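Worksheet for the structure shown next.
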Amino acid sequence: MSAYFLKTCYFLLLFSLLASGITATFNNSSESGEAKCIESERQALLSFKEGLIDDFGMLSTWTNNTDCCKWKRILCNHQTGHVQLLDLHGNFYTRPYLRGAIINVTSLIHLPYIQHLDLSNNLFELSYIPEFTISFSNLRYLDLSHSDFAGRIPSTLGNLSQLRYLDLGDNYLWGEIPTQIGNLEHLKYLDLGLFYLSGKIPSQIGNLSNLQYLSVGCNTPVYKSTSSNYISNSLSGEIPFRKGNLPLLHTLRLVGNFDIKAKDAQWLSTLRSLTILELSSLNSLGSSHQWLPTISKIIPNLREMRLVDSNLLDIDIQLLFQSHSFYKSTALTVLDLSSNMLTSSTLQLLFNFSLHLQELYLSHNNISLSPSLCPNFQSLKILELSYNTLTSSMFRGNFNISSKMKELHLVNCSITDRSFLVSSTSTSTRSSLSSLLYLDLSDNLLKSCPIFHWLSNFTTNLRTLRLGYNFLEGPIPDEFGKVMNSLEYLSLPNNKLKGKILELSYNTLTSSMFRGNFNISSKMKELHLVNCSITDRSFLVSSTSTSTRSSLSSLLYLDLSDNLLKSCPIFHWLSNFTTNLRTLRLGYNFLEGPIPDEFGKVMNSLEYLSLPNNKLKGKVPSFFRIMCRLQRLDLSNNKFEGEFPSFIQNSSWCTRHTLSRLNISYNQITGKIPDSIRLLSELEILSLAENSLEGDVTESHLSNLSKLFYLDLSYNSLSLKFDIKWVPAFQLNYLRLASCKLGPNFPSWIQTQNSLIHLDISDNELNDLVPKWIWNKLQIMYTLNMSHNNLIGSIPNMKLKLPFRPSIILNSNKFEGKVPLFLLDASELLLSENKFSDFFCGNNAAANLATLDLSYNQIKGKLPDCWKFVDRLLFLDLSSNELSGKIPNSMGTLVKLEALVLRNNSLMGELPSSLKNCKNLIMLDVSENMLSGPIPSWVGESMSQLIILIMRGNHFSGNIPLHICYLKRIQLLDLSRNKLSEAIPACLNNLTALSGKSINRVETESRVHWYNSTYSEIYNFFSASYYTLHITWTWKGVERSFRHPELILQSIDLSCNNLTGEMPKEIMYMLGLVSLNLSRNNLSGEIPSDIGNLSLLDSLDLSRNHLSGKIPPTLSNIDRLSVLDLSNNHLIGKIPWGRQLQTFDASSFEGNLDLCGKPLQKTCPADETTIKSEGPEEHDEDDNSGFYGALYMSLGVGFFTGFWALLGPLLLWQPWRIAYLSFLNRLIDYIIVMVEVNTRKCQRFVSGSRVEGRGDCQGVLHATVSCMVKVVVVVGSDAVAVMVRLVAWLKAALQLVREDDGWMREDDGWMREDGFGSHIP
């Protein structure tokens, strides 16, 4: 507040000084005959305007052929007409504001009499602060705060010799404070509250004798900072001020880990005008014997004191206030002691000292507060106790801190439900909370509804309530909504609530959320339900009541993102109940099918529709043409298909006057981009990436898009054909044209884009020299990607500074010559697969280089010994060049290095011992060189973070050091093709990362910079890394390339050495191994019997050793084994029978003279087979018995399943049973008829030869009986009944046949009448 007051005072003072010479209002009038604007100054202002994007009409009066002294936000001298004040401050949060990526302040040098320049609170998109020349010698007021400026503080600010006010606070500025600031001898206000300042405070600032306000260091309190590297970039060193410096100072803010000394305390004691003091992150403040007594002496004069993050104890606070114990201070109103080590006794001490405190901040301490320890501060309005430990009876009993309390912050205080029992809350507590407007109880241990009842009784005047990140369950009581009608902001995210309320994101809501009586508020404007597990069942129109319709009728904003919505009921429901919506978010669901037409016809009030990351299909709906208020449309990451959206091609569509953002990327849209897209005159963002668009894009498509700042046409089949002299009407910040067709010539129209901060023209068939102007644009860029083209020539060695530390990706081109030094200003420099022949890192400007990839070039000679100048390097890849000589010792200065790749060069000598300083390495690849000597023990001792160690194809000798077993995180170990000897260490089971059956991706990603946020925070704020780890690895006998090996591979390769001894049994504990290669060594002994434990093995090569004994049967248990080579050993016996081993080629086993069995052609001896058949304990029979046991079991299961699949339905379902029996009756009748017919045929046939005929007829009968028996087997459950019927019928049939054939019925059988034949019973 004091800083704002001071700003106001300075502005009024300056205004009064100018009042005699300038117009008195912004709306100037020419009636009094004052001078008109100077033409050169008017042109300078118009030129300045061209670099700005004015979305809100702040500069609408700045037009040609008008008097600039009558323009808004300008004041001129009424006598001379010279511009003296330019006030363009905005308001980024509530609008209006200006934006742009490059601010052409140099055009203002034609305003030689300007005294006041205010560009604060705008969005200048990380533009660098321009160089201020001596032409601004009259400038007295300069405010660039809160405008997203970036880069370093320009030293030319020291040229502004008349400056009284300088505010650069809350921007993304880094580096050291320039000493030239000390030249501003008239300066009264200096705010350098910047997050990323480093180095020391220049002593020259102490010479600013008129300075009244000084703020140096981050403006964001430490306990509110979300950056993990806050302290890493803070100011440090001594406080350079001495006694007599800055005598008029009344506000002092110093944030940094300064080395405070006694002489600094003497200087502080002389600041008799000081009323505001902030000292943050001074870790040695509490241990200083001079500073605390000095601060104690000046406390009576202070109105505001902040001693934050300074390791203060209770005894230090007593020392501060002990001399004032006899009276109570009336001056101090704001006290901040956050992020220290204080306890509850400090709170009581503060009460004894001051009854006039209005704001007290004690978060992040060790305070355990209970009602008995709650002092009463009569004037306290804000109390911050977050991140302490409060008792469960916090609000029970006499909680009466202040009757004037407005804000209470209790985040993460371990508060439970027991604190909120209405019956235990006293009248004094009610009094203390009655004036409360803001209450934050987020991130505590609240579970159930007492909190809502308590709030309904004691905090009915609340305007803001935060209860997120608790464990609240169940519905919210109705009384809460009826009583808490003063609430303006309610936040309940990340709980387990199942009811209905305003902000319920990240809760679990019931499937009947909007069914029944959903009547929260008839005045509801916004409803946030992100990630609440809401399903389609919540949106049944027929089940939605009239009260629900009333509750939703006023809704303007609805967010249902990240839920479980699948189909179209949500659209029908919205069409019926939320027709006044302006913003609708339905992204990250599972919505399928087309969007219903009725939705577009009814929802014509929508201004913002967001549907990304769903599964919506069909054509992009044409109804968007009648949604005349639609400003933003996001349909990205769906499955829309068909030609380009027809609503854009329709001449009657009204959206063309409103649509500002259109994103239909990552769909399946085909066809050409219509010329009518140029009618979208308000378009700011156009993203069509990752579709199947084709055809030409010409300047006519984009000619009318003057407000466009984001264009993405990447990954289509588009050809961009622009006239060589085309000058676009827009100024882009982001241009993404990857995998289009810009070539073969370099696109000259990009030169007109002066605000580019991201340019991607990769894979565009460019075959040309790169013009010099593209390198100049790097000065304001964050990303330049021109990879995968055929760009030729050398890059000029220009003297450029790249203040934004861009990512520069130029790989896969044909650049040649020497790598210019200015490129080393980048944070990431990817130059692989080019023809560069020379490189040198000896440049102080390379201090911020994080990633350098020069692989696959033609760099010759020795490695340069200059690595101390790039000591912040994280990833260095020099593989596949023609480097020779030794690895220089200076590489050991790269202590932050995470990956060192020197693969495929001609490096010689031993690994330098200085590399042991590289303790953060996760990948070391020195393969395919001529390195020699033993593998150093410090590889295991110092490089404990290693995940990948590849030393393949060198001349390393000696044994594998035992210290290699210290590499507990190793996943890839390749020491193949060296001269290593002796035994494999038995301690390999200590490689614990190979013991797990899966890679811990979370742990791995947390350690590699580009997976987490620290890379962007330290090296490049607004661009992620493009570099990925990649290796070459012999996989299944073939050398292959792998990207992201740290996430996919777990392998050991010790092949082609002279290793001896047995295979260590400890290898069998490496359950995560996917590949193991020990071939071409001198290993002996047997293959460990537990090798089957390695169930994830995909490749196993033990060939060309001296292994003996039988192949362990457990080897056949490894189902995933696809490559096996046991050839050329001394293995014996039969190859075990199993699921895998017989599928391999015979070459996998050849060269073992005593090995037999499939797949080898050699069969095992017959006697061995006989013994095995008689001996039940032999392995092969055991294997066969296991196989047949499994076979019989499967047969039994199959029979049981099939039997009951048929019989079960017949027993349980009557209609099936009736139908089945009817089928049997029809079948039996059919068989009877067929037998009858055949019998008659037999009778006629035997009339000539009765004997033969008898045999034929009996054959027919036997066939018939056989058929009927089969039928009986099939019919199953009715077999008995059917058999009875068949037997009766057969008897009748036989009697008929035999009687007709001359047989007679006797008592005990049948006899032929003519005496022939035997007696047939």
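Keep in mind it's a predicted model, so treat the numbers as computed, not measured.
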Quick check for you: to the nearest 0.5 Å, what is the distance between [X] atom [atom1] and [Y] atom [atom2]?
| X | Y | atom1 | atom2 | answer |
| --- | --- | --- | --- | --- |
| Asn637 | Asn613 | CG | CG | 4.0 Å |
| Leu829 | Leu854 | CG | CG | 6.5 Å |
| Ile859 | Ser880 | CD1 | OG | 11.5 Å |
| Ile960 | Leu973 | CD1 | CG | 7.5 Å |
| Ser942 | Tyr966 | OG | OH | 11.5 Å |
| Ile948 | Ile922 | CD1 | CD1 | 7.0 Å |

Does [Y] offer a backbone N or O that forms a donor-acceptor pair with the side chain of [X] under 3.5 Å?
| X | Y | result |
| --- | --- | --- |
| Ser714 | Ala738 | yes |
| Gln1050 | Ala993 | yes |
| Asn881 | Ser879 | yes |
| Asn857 | Ser855 | yes |
| Asn978 | Asn954 | yes |
| Asn776 | Ile774 | no |
| Asn813 | Phe815 | no |
| Thr992 | Lys968 | yes |
| Asn171 | Asp148 | yes |

Run the salt bridge (Lys or Arg N to Asp or Glu O under 4.0 Å) test against [X] and tell me which residues pass, sequence neighbours left out.
| X | value |
| --- | --- |
| Asp877 | none |
| Glu690 | none |
| Asp925 | Arg903 |

Are side-chain heavy atoms of [X] and [Y] found at a separation under 4.5 Å?
| X | Y | result |
| --- | --- | --- |
| Met1070 | Ile1052 | yes |
| Leu931 | Leu911 | yes |
| Leu756 | Leu732 | yes |
| Leu1078 | Ile1067 | yes |
| Met943 | Trp938 | yes |
| Glu941 | Lys916 | no |
| Leu949 | Val939 | yes |
| Glu928 | Arg977 | yes |

Any donor-acceptor N or O pair under 3.5 Å, side chains Ser236, Asn257: no

For residues [X] and [Y], report the shortest heavy-atom separation together with the two atoms involved.
| X | Y | value |
| --- | --- | --- |
| Met891 | Leu902 | CE-CD2, 4.3 Å |
| Asn905 | Leu883 | OD1-N, 3.1 Å |
| Ser890 | Cys866 | OG-N, 3.7 Å |
| Asn1057 | Lys979 | OD1-N, 3.4 Å |
| Ile887 | Leu863 | CA-CD1, 4.4 Å |
| Ala826 | Pro806 | CB-O, 3.1 Å |

Contacts of type ring pair (Phe, Tyr, Trp, His ring centres under 6.0 Å), residue Phe149, not counting sequence neighbours: Phe124

Ring pair (Phe, Tyr, Trp, His ring centres under 6.0 Å) partners of Phe746, counting only residues at least two apart: Trp773

Residues Lys200, Glu176: salt bridge by 4.0 Å N-O rule: no

Pair Met930-Ser906, side-chain contact (heavy atoms from CB on, under 4.5 Å): steps then yes or no: CA-CA 6 Å; Met930 294 184 286; Ser906 299; 3.8 Å; yes

Derivation and outcome, side-chain contact (heavy atoms from CB on, under 4.5 Å), residues Asn754 and Lys777: CA-CA 8 Å; Asn754 297 319; Lys777 289 186 179 295; 3.6 Å; yes

Audit row: Phe875, Glu828, side-chain contact (heavy atoms from CB on, under 4.5 Å) steps and yes/no: CA-CA 9 Å; Phe875 306 103; Glu828 182 172 48; over 6 Å; no

Leu823: which of Ile808, Leu849, Leu800 passes side-chain contact (heavy atoms from CB on, under 4.5 Å): Ile808

Derivation and outcome, side-chain contact (heavy atoms from CB on, under 4.5 Å), residues Gln945 and Lys919: CA-CA 7 Å; Gln945 303 297 317; Lys919 297 182 179 181; over 6 Å; no

Donor-acceptor pairs are to be reported for all side-chain atoms of residues 788-797 against protein atoms at under 3.5 Å, with residues two or more places apart or in another chain.
| unit_1 | atom_1 | unit_2 | atom_2 | d |
| --- | --- | --- | --- | --- |
| Asn789 | OD1 | Asn764 | N | 2.7 |
| Asn789 | OD1 | Glu765 | N | 3.1 |
| Asn789 | OD1 | Leu766 | N | 3.1 |
| Asn789 | ND2 | Ile761 | O | 3.2 |
| Asn789 | ND2 | Met786 | O | 3.1 |
| Asn789 | ND2 | Ser787 | O | 3.1 |

